[in-house]
Amino acid sequence: MMVLGQGTPAATCLLILCLLATGCHGNQFDPHLYPSNGPFFEGWYVRLMDPAQQFSLGFLHGRVLPAKNSSAGTSASQSPAESQKCKFSSQHCAMHKQQGLPLVYASVLVQDNNVSQKLQSYNGAFPARDYSVTVQGGKPVVQNPDDESPPDFSVKLGNNGSFVVTADGTLVNVAIGNVRLYIKASNPVPWGPHGEGPESWLDHLPLPLHWFVYSLRSTVTQYKFTDAASGRIVSGGNARLHMEKNWGETFPTAWVWSQGVTKSNVNLALSGGIVHFIRDVTAFLVGYRNPGKNIVWNFTPANSRVSFVHDGCNGAFNLNLTSVDHKLALKVSSPMSSFSDCLLGPEKYGFRPACVESYNAVASVRAYKRNYFHFEEVDRAEIPQAALEFGGTYVCKQKCSGI
Ligand SMILES: *[C@@H]1O[C@H](CO)[C@@H](O)[C@H](O)[C@H]1NC(C)=O
Ligand SMILES: *[C@@H]1O[C@H](CO)[C@@H](O)[C@H](O)[C@H]1NC(C)=O
Ligand SMILES: *[C@@H]1O[C@H](CO)[C@@H](O)[C@H](O)[C@H]1NC(C)=O
Ligand SMILES: *[C@@H]1O[C@H](CO)[C@@H](O)[C@H](O)[C@H]1NC(C)=O
């Protein structure tokens, strides 16, 4: 998913302040403090990859604290767009007509290639009173996390599920509609040392949206997916888990997100698009890893130039990043038949249709190092079973914009 801004030394100052202050807890994967006024949201996303079974799934959940609409004096969950015709004939519209945009939302995404090319989503809205986020074995969240401490928190969706993350591992146990999901994972592989994430230390700036990757590929020791409606059961014990979160005001106007890892641990994770920070900019956060070649490259707006061409109607984008020493040329694409219907994303007044996603993408990577006046290719890779998301106005025909 997404974020960004421009680099500044203020980030360093804030970091030092946090390190000096006593009692900072948990790394950035831990819950953040909700402000007293919205818009604000926080959401977690994990993605499981089991290439041997041609199977992949995701689990995401989060809560929006909506912006207040002062002039109308309406209930907080009602949006200005509420009077518009609901374009989506689904479950979502019915739910929306009844109670406004959902504020607490969870989704299981499934790419089960033996059953269907298309990524399926199973969605549930929950009342805010059923959503509880606690740290350190049940304590309320009273401050923002620091960077260094291991995570220690738990999210509960009423009686329907929990997401528990500690230094010892991660446990997902959730029932949404007819589906159930269980995941047990451990041994996270962090983005960087000392709790560094994709934003590097830009995450201490008041950006409109933040993106943190807690683990590039945790080891899944056991998982089970059950769909009572179809009778389908998929289980395994040899898969990997990407783990990340977003927090901030709302999702941006337009974005792409991609993530993938090969058998030999070549790893790509990126997020970017049109971000409003002082003005609209096209900004990307990108991490590329190839342990076999000692490559650990991070690109942020503070260290690189971006060249980006996207085509949501062909399920593809092309992104080049150039820093002083390195260049990364990426092509990510997935068959249109593999993309989901519109998925919901957090916006100012609640969750609403925002993006489409596929887990059948291929990311091809060319990596170059500067050698005096030109770039020399040092690595190339193809990452199969990658995730690819188009959001906001980057979605083909903007079909997910609206309610
Ligand atoms: C899909 O089919 C392949 C080949 O028959 C099999 O090895 C794999 O386990 C199947 N995956 C699932 C999730 O059923
Ligand atoms: C408040 O809601 C009304 C209608 O629901 C809308 O016309 C107006 O623009 C909204 N105000 C703000 C500040 O969003
Ligand atoms: C909660 O779980 C029950 C039982 O499994 C299920 O019927 C219900 O649809 C779930 N709620 C949501 C919002 O998915
Ligand atoms: C990225 O660079 C490659 C060559 O390395 C070039 O073929 C491609 O057109 C570039 N794409 C963009 C979007 O700049």
Side-chain angles (χ1 to χ4, degrees), residues 48-57 59-63 90-92 94-95 98-99 102-117 119-131 156-162 173-182 220 223-239 256 270 272-273 282 284 286 299 304-311 314 316-323 326-333 344 351 359-360 363-370 374-380 385 394:
L48 180 148
M49 294 150 278
D50 186 347
Q53 296 212 76
Q54 310 230 29
F55 186 78
S56 179
L57 60 76
F59 171 57
L60 55 124
H61 58 94
R63 178 191 152 208
S90 62
Q91 201 190 357
H92 169 71
M95 197 162 69
Q98 255 178 3
Q99 46 198 257
L103 300 180
V104 173
Y105 199 69
S107 231
V108 172
L109 308 180
V110 179
Q111 195 107 46
D112 190 351
N113 285 313
N114 291 0
V115 173
S116 157
Q117 268 270 301
L119 186 143
Q120 304 293 328
S121 70
Y122 305 89
N123 311 308
F126 294 86
R129 63 171 183 279
D130 281 354
Y131 189 72
K156 285 209 164 59
L157 292 159
N159 294 323
N160 276 52
S162 61
N173 206 337
V174 68
I176 295 179
N178 287 318
V179 308
R180 290 191 152 265
L181 176 63
Y182 174 86
V220 175
Y223 79 87
K224 187 173 182 183
F225 166 79
T226 314
D227 181 353
S230 67
R232 180 93 170 128
I233 298 175
V234 180
S235 60
N238 189 12
V256 294
L270 68 89
T282 301
F284 277 85
V286 181
F299 298 86
S304 56
R305 272 188 302 114
V306 164
S307 166
F308 176 58
V309 175
H310 59 93
D311 183 355
N314 279 303
F317 72 81
N318 184 199
L319 172 69
N320 292 349
L321 300 130
T322 313
S323 69
H326 304 132
K327 179 177 157 172
L328 205 59
L330 306 171
K331 254 190 221 161
V332 184
S333 66
L344 305 202
F351 285 88
Y359 289 161
N360 276 351
S364 38
V365 184
R366 299 265 184 286
Y368 308 83
K369 239 184 196 156
R370 192 184 293 277
H374 68 282
F375 280 103
E376 226 166 58
E377 187 177 301
V378 292
D379 191 20
R380 42 168 84 190
Q385 204 184 41
Y394 287 167

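Residue indices begin at 1 and follow the sequence shown. We use all heavy atoms of the structure for the numbers below, so side chains are in, but hydrogens, waters and symmetry mates are not. Counting starts at 1 for both ligands and their atoms, in listed order.
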### side chain to side chain donor-acceptor pair (under 3.5 Å) between D50 and N238, worked out
CA-CA 7 Å; D50 186 347; N238 189 12; over 6 Å; no

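For atom 4 (C) of ligand 3, the nearest protein heavy atom lies 4.0 Å or farther away.
A donor-acceptor pair is defined here as one N or O able to donate and one able to accept, closer than 3.5 Å; no such pair exists between the side chain of S162 and the backbone of K156. Under the 3.5 Å distance criterion, the side-chain polar atoms of Q385 are matched with a main-chain donor or acceptor of F55.
Among protein heavy atoms, the minimum distance from atom 14 (O) of ligand 4 is reached at S307 OG, 2.5 Å. Ranking the protein heavy atoms by distance from atom 6 (C) of ligand 4 puts N320 ND2, 4.2 Å first. For atom 2 (O) of ligand 3, the closest heavy atom belonging to the protein is N160 ND2, 2.4 Å. Among all protein heavy atoms, the one lying closest to atom 9 (O) of ligand 1 is Q53 OE1, 3.3 Å.
Atom CZ in R180 sits 12.0 Å away from atom CG in D227 (nearest 0.5 Å).
Less than 4.0 angstrom separates some heavy atom of R232 from each of these atoms of ligand 1: 12 (C), 13 (C), 14 (O). Annotation for ligand 1: atoms under 4.0 Å from non-hydrogen atoms of N114 are 1 (C), 2 (O), 3 (C), 8 (C), 10 (C), 11 (N), 12 (C), 14 (O). Of all atoms in ligand 4, numbered sequentially from 1 with element shown, those under 4.0 Å from a heavy atom of V309 are 13 (C).
Contact annotation for K327 and ligand 4: only side-chain heavy atoms (C-beta onward) come within less than 4.0 Å of the ligand. Contacts with ligand 4 closer than 4.0 Å are made by side-chain heavy atoms of Y368 only, the backbone lying farther away.
Using the six-membered ring where Trp is involved, Y394 and F308 have ring planes that are tilted, between 30° and 60° apart. Using a 30° and 60° split on the angle between ring planes, F375 and Y368 fall in the perpendicular class, above 60°.
The closest side-chain heavy-atom distance from F284 to L319 is below 4.5 Å.
With distances taken over non-hydrogen atoms, the option nearest atom 7 (O) of ligand 3 out of S107, G177, A175 is G177.
If you check the side chains of S107 and N123, you find a donor sitting under 3.5 Å from an acceptor.
Residue contact annotation: A125 has a non-hydrogen atom under 4.0 Å from ligand 3.
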